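Inspection log for the structure reproduced underneath, given as structure tokens.
Because only heavy atoms are used, hydrogens play no part in the values below, and waters and symmetry mates are left out as well, while side chains stay in. Computed from a predicted structure; not experimentally measured.
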Amino acid sequence: MALSVARKPVPRKAPPRSQQALKSAQTRARLVEATIRCLIKFGYSSTTTLKVASEADLSRGAMLHHFDNGGALMQATIAELMERRLRGFRRAVENPAPDVRTLVRTYWKQLLSPTFTAFVELAIASRTDQPLASILEPAQAQFRDRWYELAIQLFPEWQQDRQSFNLALALTQNTIEGMAINRMIHGCDEAMIDPVLQNLEKQILALRPKPKR
């Protein structure tokens, strides 16, 4: 009887590189989204790679295939959080007739989202976590630069008075972010939110350069 020869399995064709890249990007995005949810649900100190993998419905090994360690995952998460904080401003820039109210209300709306909750979790944790601070601080600096660029696109007339413009931006950021954090810890009177925003709009308009005659 002739020896039976096992048939070699027909190798499966690997998907095109573009397909692989797309699938990898989708999985990375899924892990980043799971990290954000974990930060909101458990807080930074209780967010582990195991919890993130479980939240994303992936094995820890699959997660480590896309992110070598928790630091790499956190870096990608912070980058995504910063990008989300800028998206509202991009939409405002596309507005054919942006105004101060658009800037103030768009920013406030962004800070009511879970994205800002996750960011605050990281910001507070970075006070005592140096590795996290080393990731967050440069991302924050980049965010401020890009936010400044978008704001100047909204209001190009401010270019003639950058000192007042810088003051208006600092006033906006500190007032709105401070109120959002205070609201998050239940220390904010809801009835005062709109009056504070209206007052902020008036202060910004008072700083706005007068049109040249």
Exercise. Inspect the surroundings of CG in D57 and state if more than 12 heavy atoms from other residues, nucleotides or ligands are less than 6.0 Å away.
Key: no
Self-check item: Pair W108 + F116: ring centers closer than 6.0 Å
Solution: no
Self-check item: R183 bridged to D189 by N-O distance under 4.0 Å
Solution: no
Donor-acceptor list for residues 123-133 side chains, cut-off 3.5 Å, not counting sequence neighbours:
residue: S126; atom: OG; partner: A123; partner atom: O; Å: 2.7
residue: D129; atom: OD1; partner: L132; partner atom: N; Å: 3.0
residue: D129; atom: OD2; partner: Y44; partner atom: OH; Å: 3.1

Practice problem: Name all residues meeting the salt bridge (charged side-chain N to carboxylate O under 4.0 Å, His left out) criterion together with E149; count only those two or more places apart in sequence or in a different chain, and write none if there are none. | Solution: none
Quiz item: What pairs with K41 under side-chain hydrogen bond (donor to acceptor under 3.5 Å, both in side chains), at least two apart in sequence or on another chain?
Solution: E55
Quiz prompt | Test side-chain hydrogen bond (donor to acceptor under 3.5 Å, both in side chains) applied to R146 - qualifying residues, sequence neighbours left out | solution = E83
Quiz item: Do R84 and F119 come close enough that some side-chain heavy atom pair is under 4.5 Å?
Solution: no
Exercise. Supply the atom-to-atom distance Q203 CD to L171 CG, rounded to the nearest 0.5 angstrom.
Key: 5.0 Å
Quiz item: Mind checking what makes salt bridge (charged side-chain N to carboxylate O under 4.0 Å, His left out) contact with D161, not counting sequence neighbours?
Solution: none
Quiz item: Can you list every pair that meets side chain to side chain donor-acceptor pair (under 3.5 Å) and has a residue in residues 111-124, with sequence neighbours left out?
Solution: none
Quiz item: Tell me, do I36 and P114 make a side-chain contact under 4.5 Å, heavy atoms counted?
Solution: no
Quiz prompt | Atom pair CE/CG of M63 and D68 - distance to nearest 0.5 Å | solution = 10.0 Å
Self-check item: K51: partners by salt bridge (charged side-chain N to carboxylate O under 4.0 Å, His left out), with sequence neighbours left out
Solution: none
Quiz item: Tell me, which pairs form a ring-ring contact (aromatic ring centres under 6.0 Å, His included) where one or both residues lie in residues 164-197, sequence neighbours left out?
Solution: Y148-F165, W158-F165
Quiz item: Atom OG in S24, atom CD in Q19: separation rounded to 0.5 Å?
Solution: 13.0 Å
Quiz prompt | Partner residues of T172 under the side-chain hydrogen bond (donor to acceptor under 3.5 Å, both in side chains) criterion, sequence neighbours left out | solution = none
Self-check item: Distance-minimising heavy-atom pair for I135 and G71
Solution: CD1-O, 3.7 Å
Practice problem: Please list, chain by chain and in numerical order, all residues satisfying ring pair (Phe, Tyr, Trp, His ring centres under 6.0 Å) with F42, sequence neighbours excluded. | Solution: none
Quiz item: Does a side-chain heavy-atom distance below 4.5 Å link M74 with F67?
Solution: no
Quiz item: Hey, does V52 have a side-chain heavy atom less than 4.5 Å from the side chain of T48?
Solution: no
Quiz item: For E137, what residues pass the salt bridge (charged side-chain N to carboxylate O under 4.0 Å, His left out) criterion, not counting sequence neighbours?
Solution: none
Quiz item: Using a distance-only test with no angle check, is there a side-chain donor-acceptor pair under 3.5 angstrom linking R60 and T49?
Solution: yes
Quiz item: Does anything in residues 165-178 pair up under salt bridge (charged side-chain N to carboxylate O under 4.0 Å, His left out), and if so which pairs, sequence neighbours excluded?
Solution: R85-E177
